[in-house]
Undergrad: 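A single structure is presented below for examination.
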Amino acid sequence: MTELDTVGDASVSYGLRINGRDRAVQAGWLGESLLYVLRERLGLPGAKNACEQGECGSCSVLLDDVLVCACCVLAADATDSDIRTVEGLGDGGRLTDVQRAFLDEGAVQCGFCTPGLVIAIHDLLDRRPDADESTVREAISGNLCRCTGYGRILAAVAAVQRERSGD
Amino acid sequence: MTDVTTTRGVGGGVGTDAGRPDGVPKVQGRFGFSSDAFAEGMLWGRTLRSPHPSARIHGIDTSTAEQIDGVEVVLTAADVPGTPTFGLEHADQPVFAADVVRYQGEPVAAVAADHPETARRAAEAIVVDYGPVEPLVDAEAALDADPIHPDGNVVRHIRIVHGSPDDVTGDVVVECEYEVGMQDQAFMGPESGLAIPDGAGGVDLYISTQWLHVDRDQVAACLALDPEQVRLTLSGVGGAFGAREDVSLQVHVCLLALRTGRPVKMLYSREESFFGHVHRHPARMRYRHHADRDGSLVKVEASLWFDGGAYASSSTAVISNACSFAAGPYRVPHARVEGWAMRTNNPPCGAMRGFGSVQVCFAHEAQMDKLAAALDIDPVDLRLRNALEPGDRIITGQRITGVAPVRECIRAAVDLPLPTVDADGNVAPVTLPGGTGRTADAEHVRRGVGIAVGFKNLMYSEGFDDFSTASVRVEVGPDDEVTATVHSAAAEVGQGFVTLAQQIVRSELGVQRVQLRPADTVIGSAGSTSASRQTWMSGGAVQGACDDVRRAVYERVAERRGVALAGARREVLRLDAHGIHHVDQGWVVPLAEAIGDEPVEATHEFHHANTEPLDEDGQGDAHVSFVFAAHRAVVDVDPELGLVRVHQITTGQDVGRALNPRQVIGQIEGGIAQGVGLAVMEEIVLDGGRIRNPSFTDYLIPTALDMPVVDATLIEQPEPGAPFGAKGVGEPPTISSTPAVVAAIRAATGIDLRRVPVRPDDIALA
């Protein structure tokens, strides 16, 4: 592979399907991550950039219903996928049950990890609605939070589980 | 959520679990963090940093970098128009290194380009001719070493002589040396900012920081601008914990913007963030405790070596705190403490949650346990026997005039129930030491319990004239509803001051609808979001502005109604959600009517009580107020593997009064997480001044699996002189949680652990 002289030499245009809408990426550098394209080219900054090393989960999105770190996916490699971001949650700006529980239980402080956690918890509870506490802890252990110590986040998950099961 | 109505008749006031005003945008991903900032046609800035901890710079060649397509400008030290150095307390740190570099990661040059990747490549294309020098990496050795900076290697030396330490000894003496490794704040939102030139020589900076005005003053000095030409607006802050007290990219990004005439955004990667902000001071501490046979403390002797790294940052205040609180929250009649904040070629260290108290608490609590063992006294009883009370003096000679519920904190922590053991002995493997690795053998796991107590100051100390400014404007909106607008430069970093500001206005003015203007430098300084001070200081400023608004409304109503306010022996007017009442005459004027189309606005500057510097013996009334907490930790340890899982932490915390109990619990749980991290996992590993683990792959912070269950009791004894009686709550959870965990590991293993973080080989190879 030869060293490219400038970023512009490796630019390409392509389409992505995000939250049910087709979006065009014009003259993007091939090396751009899905996270960068969402945030800097498509005006969708909800996925956050805390580490860009796949370690913190703050950029969690769903790629064909699989939870991934958007920082570790090349945008130009996601052209055939259905991408869902935090901006695609809720209906017409309404809060989801997970988002409401985060507010009611005090799970939000600085909020930088919050969108990634909201996505990850929706994914978990869709797959494992009755997950026990240690399963929940393990499931969200890929989402780092530095403010809360996770206590109120776990309380929010439990509140959603109670609500969904009709308790 | 509790739903308590304020005395003025509206909900969501002081004492309730009011919701955050920024909560909805945060859960929806719409909240604007500094890294989300965008401007049309903006460039991307990038910093080039030294790979060497110590080196001479023989030359810098930027010509190749400048020729890359898309690169707009490359800047070095020669391009700094104003003061070449900056610093929080002493301007000793170069904007760009000129002739020498003093730590790995020191900025040497910066570029602006049309794409972040172009900027990265341009920075790599800058050729710097370094002559590496053997780095100075030991704080004690720095005392006699050649100075590595014109200001010398001793940043500050403090000596405390309290009582008559030369004349007394105890029946029982225990001594030991302790070490604390370098911890990182590891906030989630990386350093980032957007600078936009104003076309008239000035600049607007959108930035995540803890103190807008102190940033502004440093940027203006380095750019040779008047402070009015540098306008800062707080952009969403993704956590801080002390790491955003110091300038990181502020000067660089403004300089790039002014030189290119275009908006410039800078955004650190996680790796660069580890090099771009100060850390918690590593410390080496030697202690000798003396006690009577009955367990009463007689004397504490300590020498404290804090490694401040290459530049001063807030080391002078950190070492002062470390000395003031070196003996812990106990009655100590005699003490001799020497503290040294030293300059080395290690990464610069400054503020982190707990600020000097964290390091000494690890040591003094280990000493208390050693003393308890030597005296054959229960560790809890020993602490209760010596606990500070109101009216006692700390080792700086200062008498505690406020509340000091040390015993209540201890009793609360130890009275909360211990974790129950499953009757069938079933344990989820993932909750054993080692977690997801599932390597621990449940039959080998041993449980231990430990306790620790800590304290520190609230607000700034040693005579600093600390203040906060806030304005409150009350007006009638188009819908005939009264709206209050708060303006303050207080940095919301996640802790929840924005919630408190709304709560205070609701309680003070009976106005339900309270909005907040963005924090910026248009209004006067609010001081730093640090030292657990904003609840008291900016809470006090908002309360003061409300007082002024209410008085102005009373005067307006009194004039219209012909009521005399002056000379009355008591308040004849009273304000609640229904309006302004005359106490005797029974009439009510609705607030909306009183205001009409003439909004009422007041700006208030709140100062705390004066403090004084420490004298040559480290004595003086240097602190405004003190805050206390106790922690009990329960840990499970696999001694063969050296793995630890912290199972439960209980705590009693002195909060004065909980203005928002749910937010207080959030602060306690979050602070304990950072204490647990320091106890068993978090350390910036240094090798000859080089950071070996600048990533979340190698610098581990607690995950949801690592965090214990937390059970907290809030000790509410209103603090005299504090607005609403409330104390700041952010730091105490991070102070004594660490030593409690280590005490529990010692109890489980019998190993005399003297260093944090406790590493697996400290246990397995002991």
Side-chain angles (χ1 to χ4, degrees), chain A residues 5-8 29 31-32 36 39-40 43-53 55-56 58 85-87 89-90 93 95 98-100 102-115 118 132 134-138 140-154, chain B residues 1 17 19-20 22-24 26-33 35-36 38 68-70 115-118 121 185-190 236-239 241 267 269-270 428 430-431 435-436 493-496 662-663 665-666 669-674 695-697 701-705 707 709-710:
Chain A
D5 285 332
T6 68
V7 168
W29 176 49
E32 288 167 3
Y36 179 86
R39 292 175 52 77
E40 302 293 342
L44 294 168
K48 291 287 170 257
N49 54 330
C51 81
E52 299 192 67
Q53 297 169 319
E55 295 286 356
C56 75
S58 68
T85 73
V86 69
E87 287 93 344
L89 290 177
L95 296 174
V98 173
Q99 289 169 325
R100 171 53 58 195
F102 262 60
L103 298 176
D104 291 345
E105 299 297 329
V108 179
Q109 288 188 31
C110 91
F112 207 82
C113 69
T114 305
V118 166
D132 64 15
S134 58
T135 305
V136 173
R137 284 180 183 266
E138 186 169 21
I140 63 169
S141 64
N143 291 78
L144 299 179
C145 171
R146 191 57 159 168
C147 294
T148 67
Y150 308 100
R152 301 305 90 207
I153 293 168
L154 293 166
Chain B
M1 179 170 168
D17 289 338
R20 302 182 64 98
D22 55 9
V24 170
K26 281 180 173 177
V27 296
Q28 291 185 323
R30 295 189 289 106
F31 183 78
F33 290 95
S35 55
D36 303 333
F38 176 86
I68 294 174
D69 274 359
H115 191 283
E117 175 64 12
T118 308
R121 293 182 189 184
Q185 299 85 348
F187 47 56
M188 287 291 113
V237 183
F241 316 117
L267 166 62
S269 67
R270 179 52 53 181
V430 78
T431 64
T436 49
V493 301
Q495 84 280 25
R662 190 175 58 193
Q663 285 194 175
I665 293 294
E669 290 175 338
I672 286 173
Q674 294 179 10
S695 73
F696 281 159
T697 311
I701 65 173
T703 70
L705 268 179
M707 261 306 281
V709 170
V710 171

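So you know, we letter chains A, B, ... as the sequences are listed, proteins then strands, and number each from 1.
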Undergrad: Looking at every heavy atom in both A/Val118 and B/Val27, which two are closest together, and how far apart are they?
TA: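 Heavy atoms of A/Val118 and B/Val27 come nearest at CG2-O, 4.2 Å.
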Undergrad: Which atoms of A/Gln53 are under 4.5 Å from chain B, going by heavy atoms: the side chain, the backbone, both sets, or neither?
TA: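 Looking at A/Gln53, just its side chain touches chain B.
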Undergrad: If you count heavy-atom pairs within less than 4.5 Å of chain B, which of A/Leu144, A/Leu154, A/Thr135, A/Thr114 leads?
TA: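 Highest number of heavy-atom pairs under 4.5 Å: A/Leu144.
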Undergrad: Please look at B/Gln663 and chain A and tell me whether the side chain, the backbone, both or neither of the residue comes under 4.5 angstrom of a heavy atom of that chain.
TA: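 Answer is neither: B/Gln663 stays 4.5 Å or more from chain A.
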Undergrad: Sub-3.5 Å donor-acceptor pair from the side chain of A/Arg146 to the main-chain atoms of B/Gly238, do we have one?
TA: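 Between the backbone of B/Gly238 and the side chain of A/Arg146 there is no qualifying donor-acceptor contact (under 3.5 Å).
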Undergrad: Identify which of B/Ser35, B/Gly239, B/Gly32 forms the greatest number of heavy-atom pairs closer than 4.5 Å to chain A.
TA: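 Option with the top pair count is B/Ser35.
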Undergrad: Of the backbone (N, CA, C, O) and the side chain (C-beta and beyond), which part of B/Phe33 lies under 4.5 Å from a heavy atom of chain A, both, or neither?
TA: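 Just its side chain gets close to chain A.
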Undergrad: Check whether A/Arg39 gets within reach of chain B through its side chain, its backbone, both or neither, counting any heavy atom under 4.5 Å.
TA: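 Contact with chain B involves the side chain of A/Arg39 alone.
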Undergrad: Count the heavy-atom pairs under 4.5 Å between each of B/Gly23, B/Ala428, B/Gly189 and chain A, then report the option with the highest count.
TA: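 Looking at each option in turn, the highest pair count goes to B/Gly189.
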Undergrad: Which one wins on heavy-atom pair count under 4.5 Å against chain B: A/Gly43, A/Gly111, A/Pro115?
TA: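 Of the options given, most contacts go to A/Gly111.
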Undergrad: Looking at side-chain heavy atoms only, is the closest gap between B/Asp36 and A/Lys48 below 4.5 Å?
TA: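 The answer is yes; the side chains approach within 4.5 Å.
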Undergrad: With a 4.5 Å heavy-atom cut-off, do B/Pro190 and A/Phe112 have their side chains touching?
TA: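 B/Pro190 reaches A/Phe112 side chain to side chain.
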Undergrad: List the atom of B/Phe696, the atom of A/Ala50, and the distance in Å for their closest heavy-atom pair.
TA: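 Scanning both residues completely, I find the closest heavy atoms to be CE1-O, 4.5 Å.
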Undergrad: Any heavy-atom pair between the side chains of A/Leu103 and B/Arg20 that's under 4.5 Å?
TA: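 In short, these two side chains do not touch, never coming nearer than 4.5 Å.
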Undergrad: Quick one: CD on B/Glu669 to CD1 on A/Ile153, what's the gap to the nearest 0.5 Å?
TA: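 B/Glu669 atom CD to A/Ile153 atom CD1 measures 9.5 Å (nearest 0.5 Å).
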Undergrad: Is A/Glu32 close to chain B through its backbone or its side chain, or both, or neither, when contacts mean heavy atoms under 4.5 Å?
TA: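 Side chain of A/Glu32 only, per the 4.5 Å heavy-atom cut-off to chain B.
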Undergrad: Rounded at 0.5 Å granularity, tell me how far CG in A/Asn49 sits from CG in B/Leu267.
TA: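 Separation between the atoms: 5.0 Å.
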Undergrad: Measure A/Cys56 against the heavy atoms of chain B and call it side chain, backbone, both or neither at under 4.5 Å.
TA: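 For A/Cys56, the contact with chain B is made by the side chain alone.
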Undergrad: Would a 4.5 Å heavy-atom cut-off, applied to side chains only, mark B/Lys26 and A/Gln109 as touching?
TA: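 B/Lys26 vs A/Gln109: side chains apart.
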Undergrad: What verdict does the side chain to side chain contact (heavy atoms under 4.5 Å, CB included) test give for B/Arg121 and A/Val7, after you've listed the backbone C-alpha separation in whole Å, the side-chain angles of each residue and the deciding distance to 0.1 Å?
TA: CA-CA 9 Å; B/Arg121 293 182 189 184; A/Val7 168; 4.3 Å; yes
Undergrad: Using non-hydrogen atoms only, which part of A/Ser134 is less than 4.5 Å away from chain B: side chain, backbone, both, or neither?
TA: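 Both parts, backbone and side chain.
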Undergrad: Please report the closest heavy-atom contact between B/Ala673 and A/Gly149, naming both atoms and the distance.
TA: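 Result for this residue pair: CB-CA, 3.7 Å.
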Undergrad: So how far is it from B/Thr697 OG1 to A/Glu55 CD, rounded to the nearest 0.5 Å?
TA: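 Taking OG1 in B/Thr697 and CD in A/Glu55, the distance rounds to 3.5 Å.
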Undergrad: Within a strict 4.5 Å, meaning less than it, do heavy atoms of the B/Val430 and A/Arg137 side chains meet?
TA: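 No, too far: nothing below the 4.5 Å cut-off.
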Undergrad: By a 4.5 Å heavy-atom criterion (distance strictly below it), what part of A/Leu89 contacts chain B: side chain, backbone, both, or neither?
TA: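 No part of A/Leu89 comes within 4.5 Å of chain B.
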Undergrad: If the plane angle is over 60° it's perpendicular, under 30° parallel, otherwise tilted; pick one for A/Tyr36 and B/His115.
TA: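 The rings of A/Tyr36 and B/His115 sit tilted, inter-plane angle from 30° to 60°.
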Undergrad: Is B/Val237 in contact with chain A via its backbone, its side chain, both, or neither, using a 4.5 Å heavy-atom distance?
TA: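 Backbone only.
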Undergrad: Please determine, among B/Arg30, B/Arg270, B/Gln495, the option with the most heavy-atom pairs under 4.5 Å with chain A.
TA: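 Of B/Arg30, B/Arg270, B/Gln495, B/Arg270 has the most heavy-atom pairs under 4.5 Å with chain A.
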Undergrad: Flag the one option from B/Val710, B/Thr431, B/Asp22, B/Val24 with the top tally of heavy-atom pairs under 4.5 Å to chain A.
TA: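 The option with the most such pairs is B/Val24.
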Undergrad: How long is the gap from CE on B/Met188 to OG on A/Ser58, to the nearest 0.5 Å?
TA: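 Result: 7.5 Å between the selected atoms.
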Undergrad: Would you say A/Tyr150's side chain and B/Pro702's backbone share a donor-acceptor pair under 3.5 angstrom?
TA: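 Yes; at least one donor-acceptor contact below 3.5 Å.
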Undergrad: For A/Val108, is it the side chain, the backbone, both, or neither that has a heavy atom closer than 4.5 Å to a heavy atom of chain B?
TA: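 Both the backbone and the side chain of A/Val108 come within 4.5 Å of chain B.
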Undergrad: Tell me which of these, B/Gly494, B/Ala704, B/Gly236, B/Gly29, has more heavy-atom pairs under 4.5 Å with chain A than the rest.
TA: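 The residue among B/Gly494, B/Ala704, B/Gly236, B/Gly29 with the greatest pair count is B/Ala704.
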Undergrad: Chain A heavy atoms under 4.5 Å from B/Ser269: which part of the residue, side chain, backbone, both or neither?
TA: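 Neither; nothing under 4.5 Å.
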